[in-house]
Amino acid sequence: MDDKRDIRRRDFLAGLGLGAGLAGLGFPLPAKAAIASFSSAMPAPPGAKIARVAIYPAVGICRVGGSPKWFLAPELPGVPPKPEGGFKDGTDRIKKQAQRFRIYAYDDQDRVVGELTSKEATVSWRVHVANTKAAWYGFNNPLDNGAVAPGLPGQQRNRYFTSPADRERMLVIDPGPVEISGSKVNWDGDQGNYAMVGRFWDSTDVGLGQLRTDDSGRLIVVPSDGKSGSPQNAPITSFADNDGWYDDWCDGPVDATVTLTDGRVLKADGAWVACVGPNFAPEIPPISTLYDVIASMHWEQGWQSIPDGPISFRKHVYPTFRRTALMEWVSAAAHLQEAWLDTGNFASEDYIARLADPSAENAALRQAVFAKFRNPDNLGDEAYKEEHLKIPLMTGDGINHDGSALQWFQFPKLQYEFLKRWAAGDFVNDLADAALDGVEALEQLPVAMQPAALTEAALEPCSGGAFHPGVELSYYLRLPPLYRRSADPTAEPFRMARGDRTSLLQDVGRILDYTAATQPSGDNTVPIGPQMPGDLTRWMGLPWQPDAFSCQHVAMQDAFPIPVWWPALLPVDVLPEEFYRQLMRDDLSDEARVKFFENRVWWARGVPGIGYHANASYWDGITNMITIWQEMGFVVKRPGPPDGARPQGIPREVYVEVDRGNVEIRTKWQPRMGQLP
């Protein structure tokens, strides 16, 4: 296992909205605070008696990979994973991202007592994941956007199976619950009784990952290999809905029974785990994250409130500016945004320092910059034109509907509210606060902050917009009925509501529209409501790889700039490693080095095919990605030229596509349709 991280002080300081000053044109400050915006937990006094226990993160994220090697998912917001040796294992196979779950104890006043490990308690873990994609409905667009971008109904996938018994037997991949207990159990991953394996088409075993524990008894969910296939060699006919196919994404509840040293047995507040695709730009957060989306929903529902008084620039505002700056490394449109949007350089320390100034003298600048960010409340008939050249230059939920405001990416309303309060000067400039400079690990945080930090860290790297259907998960996560809080006002934020259907199969009729998704069906269950194993990932593309290629950029009614989908997870335009080598050469002229720095290439180049008359096409690309996805490069941070030898305009740190394999290697395998090498 790889779990060594190069966690520097500057990479963590946002944990508490604190940090040393900016330096240079790089991005030395982390993207996000290390404690959730809504966290108000207090520590329990010494000797407090444990009243309840809970699992964290509340929602965890695994990422598939074809390598047996793995690394742990982030546990500190703003600190991306840095697996030893990189994100591939040296054989062009991607390492898996495993999610670790911990248990924290609370007293009877809901104050945090601390983490419980194998030293303080005996923990029995239980995980039940499933993949029910093939038994679900096809995807067209989100169903919750109303008249602005009406949801298009979807038919059942594999609808030639008509009886519930046949659909469950042939299409539902269900390993059933798997349990594990103890310290460092199945550490080498060779014990089959901890594997999660189901069956597809009543003929093919499909692994959905396995369970392990670390030396303190914490649960580690290791995902599967990212495989897709078709037992019947069915053709690929869609970016999202392909009958006869399976993949190994999955999701489901994580539970634990805790036996304390005094003999009491407590059932922990449960969590959820989702196993999804790789993050190919792990050091570049999405401009809006899945954490932002869910936090905004809680705020809009009145379930949580933001603090009274001025907000923190460091914690609530700067992350959006930094993410805006980082997009230039994965999107050509963003690379040229100073011209398209007539903005300053968000990567400049001087510019950020001016934006961090709350004085009245700086109000005009703040208002001018604020006007460049797309207003999520502007949904009128002219909004498509009014919000066109605004941040971010990305497509949105309503791409199906020409002229809709939702053809453009929309910020979560809370994230936009923070920008609004910043523009009004209702914030404190805490950007250069150096407190807590030495924190480098979760355990160094005050104990009351740790649970919320774990949930935020898990969801921060996930995309929070352009849900069509999305990168990891989709729009339903912004809808209140999915959460326990909708029925229980005492429930913690981010906890998923649990369903009790007798089957993982859910049939709402011949089509799935907004009414069918939100109102009780024949068995009195609601798709967008309490969840069962497989319910989150079933809405995503089947198999998952074609969507990764198809959703790159979109030619729209206006020629330029060309908007992109999810560049922070699936890069679009990148600085390739060969160009990086040239810009680092000290024997080239400054002009030549700058040319290499300024040029970007298509991340998915070669995927549709190469060569003269290669017959390359969109369909070639989405089919080829099924076998070559692990050849794709990762965008990671690298040092720029050293001081004194750095041409003007090149920053001290750059983000470079590395570890790209040979996308034509598939010609060696000559796979049949649906078969993997």
Side-chain angles (χ1 to χ4, degrees), residues 55 59 124-138 143 154-179 195-206 208-209 211 246 248-257 267-275 473-474 476-477 479-484 486-488 491 495-540 542:
I55 303 170
V59 180
S124 177
W125 298 93
R126 183 180 186 270
V127 178
H128 186 182
V129 297
N131 177 308
T132 60
K133 285 185 175 185
W136 193 231
Y137 291 78
L143 300 174
Q155 292 181 297
Q156 285 183 329
R157 292 168 175 160
N158 297 291
R159 57 186 179 274
Y160 36 79
F161 293 115
T162 58
S163 78
D166 285 345
R167 291 186 67 80
E168 186 162 24
R169 176 173 56 88
M170 299 293 283
L171 306 177
V172 173
I173 304 171
D174 180 15
V178 177
E179 297 184 356
M196 300 179 289
V197 180
R199 199 164 180 81
F200 181 74
W201 216 263
D202 203 22
S203 62
T204 302
D205 288 337
V206 180
L208 300 182
L211 306 184
Y246 71 86
D248 56 7
W249 285 24
C250 61
D251 68 278
V254 177
D255 293 302
T257 301
K267 181 176 174 56
D269 290 345
W272 207 270
V273 65
C275 299
L473 300 169
S474 196
Y476 40 79
L477 286 168
L479 301 178
L482 255 68
Y483 300 89
R484 295 186 192 176
S486 64
D488 179 3
R495 298 281 178 197
M496 304 300 302
R498 299 289 188 88
D500 58 359
R501 301 195 306 267
T502 57
S503 170
L504 300 187
L505 192 74
Q506 192 172 30
D507 187 339
V508 299
R510 297 191 184 280
I511 63 169
L512 177 68
D513 57 14
Y514 186 72
T515 299
T518 57
Q519 295 186 9
S521 60
D523 61 359
N524 203 36
T525 63
V526 183
I528 297 179
Q531 299 290 283
M532 297 278 287
D535 280 4
L536 293 185
T537 50
R538 64 184 175 177
W539 301 76
M540 309 309 293
L542 176 64

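The first residue in the sequence is number 1, and the count goes up from there. The shown structure was predicted, so the numbers you read here are calculated from the model rather than taken from an experiment.
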* Is a side-chain N or O of D166 found less than 3.5 angstrom from the main chain of F161, in a donor-acceptor match? -> no
* Under 3.5 Å donor-acceptor, R484 side chain and M496 backbone -> yes
* Derivation and outcome, side-chain contact (heavy atoms from CB on, under 4.5 Å), residues Q156 and T162 -> CA-CA 10 Å; Q156 285 183 329; T162 58; over 6 Å; no
* To do: Return the orientation label for the Y246 and F200 ring planes: parallel under 30°, perpendicular over 60°, tilted otherwise.
  => tilted
Within the 4.5 Å heavy-atom criterion, are [X] and [Y] side-chain neighbours or not?
X    : Y    : result
Q506 : R538 : yes
Y137 : V508 : yes
P253 : W272 : yes

* Sequence neighbours excluded, which residues qualify as salt bridge (charged side-chain N to carboxylate O under 4.0 Å, His left out) partners of R501? -> D535
* With sequence neighbours left out, write down each residue that passes salt bridge (charged side-chain N to carboxylate O under 4.0 Å, His left out) with D513, or none if nothing qualifies. => none
Just to verify, what does [X] make a side-chain hydrogen bond (donor to acceptor under 3.5 Å, both in side chains) with, not counting sequence neighbours?
X    : value
T257 : none
E168 : S503
N524 : none

Heavy atoms only: give me the nearest [X]-[Y] pair and the separation to one decimal.
X    : Y    : result
V254 : R498 : O-NH2, 3.5 Å
R199 : D205 : NH1-OD1, 2.7 Å
Q519 : P527 : O-CD, 4.5 Å
A268 : I55  : CB-CG1, 3.8 Å
N158 : A134 : ND2-O, 3.0 Å
L482 : I528 : CD1-CG2, 3.4 Å

About how many Å separate [atom2] of [Y] and [atom1] of [X], when rounded to the nearest 0.5 Å?
X    : Y    : atom1 : atom2 : value
T132 : L504 : OG1   : CG    : 7.0 Å
L208 : H128 : CG    : NE2   : 9.5 Å
R169 : L505 : CZ    : CG    : 12.5 Å
D248 : T537 : CG    : OG1   : 10.5 Å
M196 : N131 : CE    : CG    : 12.0 Å
S486 : R495 : OG    : CZ    : 15.0 Å

* **Residues T518, L143; criterion side-chain contact (heavy atoms from CB on, under 4.5 Å); working and verdict** => CA-CA 10 Å; T518 57; L143 300 174; over 6 Å; no
* Verify whether one side chain among Y483 and D488 offers a donor that lies under 3.5 Å from an acceptor in the other. => no
* To do: Give a yes or no on whether D500 atom CG has more than 12 heavy-atom contacts from other residues, nucleotides or ligands under 6.0 Å away.
  => no
* To do: Have a look at V273 and tell me which of L536, V59, V129 forms a side-chain contact (heavy atoms from CB on, under 4.5 Å) with it.
  => V129
* Structure fact -> Contacts of Y476 meeting ring pair (Phe, Tyr, Trp, His ring centres under 6.0 Å) (sequence neighbours excluded), chain-then-number -> W539
